[in-house]
Amino acid sequence: PAAVLLGPPVDPRYPHAMRGISLMLLATCCFGCLDTISKYLVAHYPASALVWLRYVLQTLVMMAIFLPRMGLRLVHTSAPGVQLVRGLMLIVSSVVFVLALLHMQIAEVASIVFLAPIIVALAGGPLLGERVSARTWLALAGGFTGVLLIIRPGGDAFTWWALLPLACAFLFAGYQILTRKLAGHDDPITTLFFPGLLACFVVPPLFPGAFTVPTVPLHAVLLGVIGILGAVGHFLLIRAHGFAPATLLAPFGYTQLLVVLVLGWLVF
């Protein structure tokens with residue numbers, strides 16, 4: 001009877017939706033760890049430098065792994081314009097996010113950024129033709145309530161600096177929507193590779209100071225770690241959108257908020 005009331009567990013058009021949800025949860029764990037390390041490093045290096053070094057490392061690792069076996073297919077895309085816009089959205093959102101970490105607590109920044117799933121759900125219908133179920137809206141409402149409890153409108157977190165993570169939320173939502181549009185058209189490896197390659201050339205002229213090189217061994221190791229976490233996290237995110245619609249995956253993005261809350265308390 002309960003199953004009848006709740007309806008089918010997943011949309012029949014997406015028989016592997018549970019696999020997509022699992023990959024989404026793993027991706028949020030990667031991003032939560034990445035955010036925590038970035039919060040530590042941004043006290044020592046410019047935000048643009050952290051983002052640029054992260055994507056340079058990510059690009060070099062991917063080239064070493066995939067270029068020998070894929071060749072030019074690594075950069076072959078059926079929608080270069082979409083890849084370009086999507087990559088720019090991710091790059092700018094990454095810089096804005098790290099910059100916000102310099103002025104706000106990690107839980108507060110992450111909470112505001114997690115308006116992105118709601119934006120994805122709202123835009124997913126008209127832009128992607130995806131139906132948002134009642135259960136998804138309930139999950140989003142619960143997540144949004146958690147966001148309000150953390151940022152406390154009218155409290156200390158509610159300052160002009162809050163506009164930075166708010167902008168990041170819109171940019172990252174756009175990135176996720178465009179990622180969904182590319183699913184099934186471009187190779188997931190190509191979709192993952194493009195933003196990193198683009199960042200290598202775009203970040204230095206847009207954000208001067210991106211050429212800062214770490215001098216502390218621990219910082220160098222942590223930069224390598226965020227490069228790996230970024231590559232793995234975005235690959236999992238791309239694969240997740242290949243198995244399930246963005247509107248279904250959106251609420252599960254709030255798992256990252258739990259990760260950063262725990263890590264923020266432990267580390268900071």
Side-chain angles (χ1 to χ4, degrees), residues 9-10 17-42 90 93-94 96-98 100-122 124 132-133 135-153 155-158 161-162 164-166 168-173 175-176 179 222 225-226 228-241 243-268:
V10 295
M18 291 304 297
R19 189 179 301 176
I21 291 171
S22 299
L23 293 173
M24 182 71 172
L25 293 175
L26 290 173
T28 60
C29 290
C30 288
F31 293 141
C33 294
L34 188 156
D35 294 344
T36 304
I37 297 173
S38 297
K39 170 69 174 176
Y40 169 75
L41 290 175
V42 76
L90 180 61
S93 70
S94 298
V96 171
F97 182 88
V98 177
L101 290 176
L102 185 62
H103 301 282
M104 301 173 64
Q105 294 184 18
I106 186 171
E108 296 168 347
V109 175
S111 298
I112 297 172
V113 170
F114 271 92
L115 293 173
I118 298 175
I119 299 170
V120 171
L122 290 172
V132 185
S133 67
R135 285 175 298 179
T136 299
W137 283 120
L138 286 173
L140 288 170
F144 183 63
T145 301
V147 168
L148 293 178
L149 287 173
I150 294 171
I151 63 176
R152 301 181 307 279
D156 295 336
F158 213 69
W161 292 115
L164 291 175
L166 183 61
C168 182
F170 278 93
L171 288 167
F172 193 65
Y175 162 80
Q176 287 185 285
T179 296
L222 290 177
V225 171
I226 64 174
I228 294 171
L229 288 172
V232 173
H234 285 288
F235 177 74
L236 293 172
L237 185 66
I238 291 165
R239 293 294 293 163
H241 281 83
F243 288 115
T247 50
L248 175 63
L249 294 175
F252 295 94
Y254 284 109
T255 307
Q256 185 177 341
L257 188 54
L258 177 62
V259 174
V260 297
L261 280 171
V262 174
L263 291 177
W265 177 76
L266 288 173
V267 178
F268 302 107

Give me the atom names and distance for the closest heavy-atom approach of [X] to [Y].
X      : Y      : value
Cys30  : Gly233 : CB-CA, 3.8 Å
Gly20  : Ala240 : O-CB, 3.3 Å
Arg239 : Leu23  : CB-CD1, 3.7 Å
Ala27  : Leu237 : CB-N, 4.0 Å
Leu34  : Ile226 : CD1-O, 3.5 Å

Close side-chain approach of Met104 to Leu164, heavy-atom, < 4.5 Å: no
Residue pair Ser94 / Leu90, side-chain heavy-atom distance below 4.5 Å: yes
Separation between [atom1] of [X] and [atom2] of [Y], rounded to the nearest 0.5 Å:
X      : Y      : atom1 : atom2 : value
Leu166 : Leu171 : CG    : CG    : 10.0 Å
Met24  : Phe252 : CE    : CZ    : 9.5 Å
Leu25  : Thr255 : CG    : OG1   : 4.5 Å

For [X], check side-chain contact (heavy atoms from CB on, under 4.5 Å) against everything at least two apart and list the hits.
X      : result
Leu26  : Leu236
Cys33  : Leu229, Leu263
Leu101 : Ser38, Lys39, Val42, Phe97, Ile106, Val109
Val262 : Leu258, Leu266

Any residue meeting side chain to side chain donor-acceptor pair (under 3.5 Å) with Thr28, in chain and number order, not counting sequence neighbours: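 Residues passing side chain to side chain donor-acceptor pair (under 3.5 Å) with Thr28: none at all.
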Those residues that, when tested against Thr179, pass side chain to side chain donor-acceptor pair (under 3.5 Å) (two or more places apart):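 Once residues adjacent in sequence are excluded, the partners of Thr179 under the side chain to side chain donor-acceptor pair (under 3.5 Å) criterion are Arg86.
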ring-ring contact (aromatic ring centres under 6.0 Å, His included) involving Tyr40 - partner list, sequence neighbours excluded: His44, His219
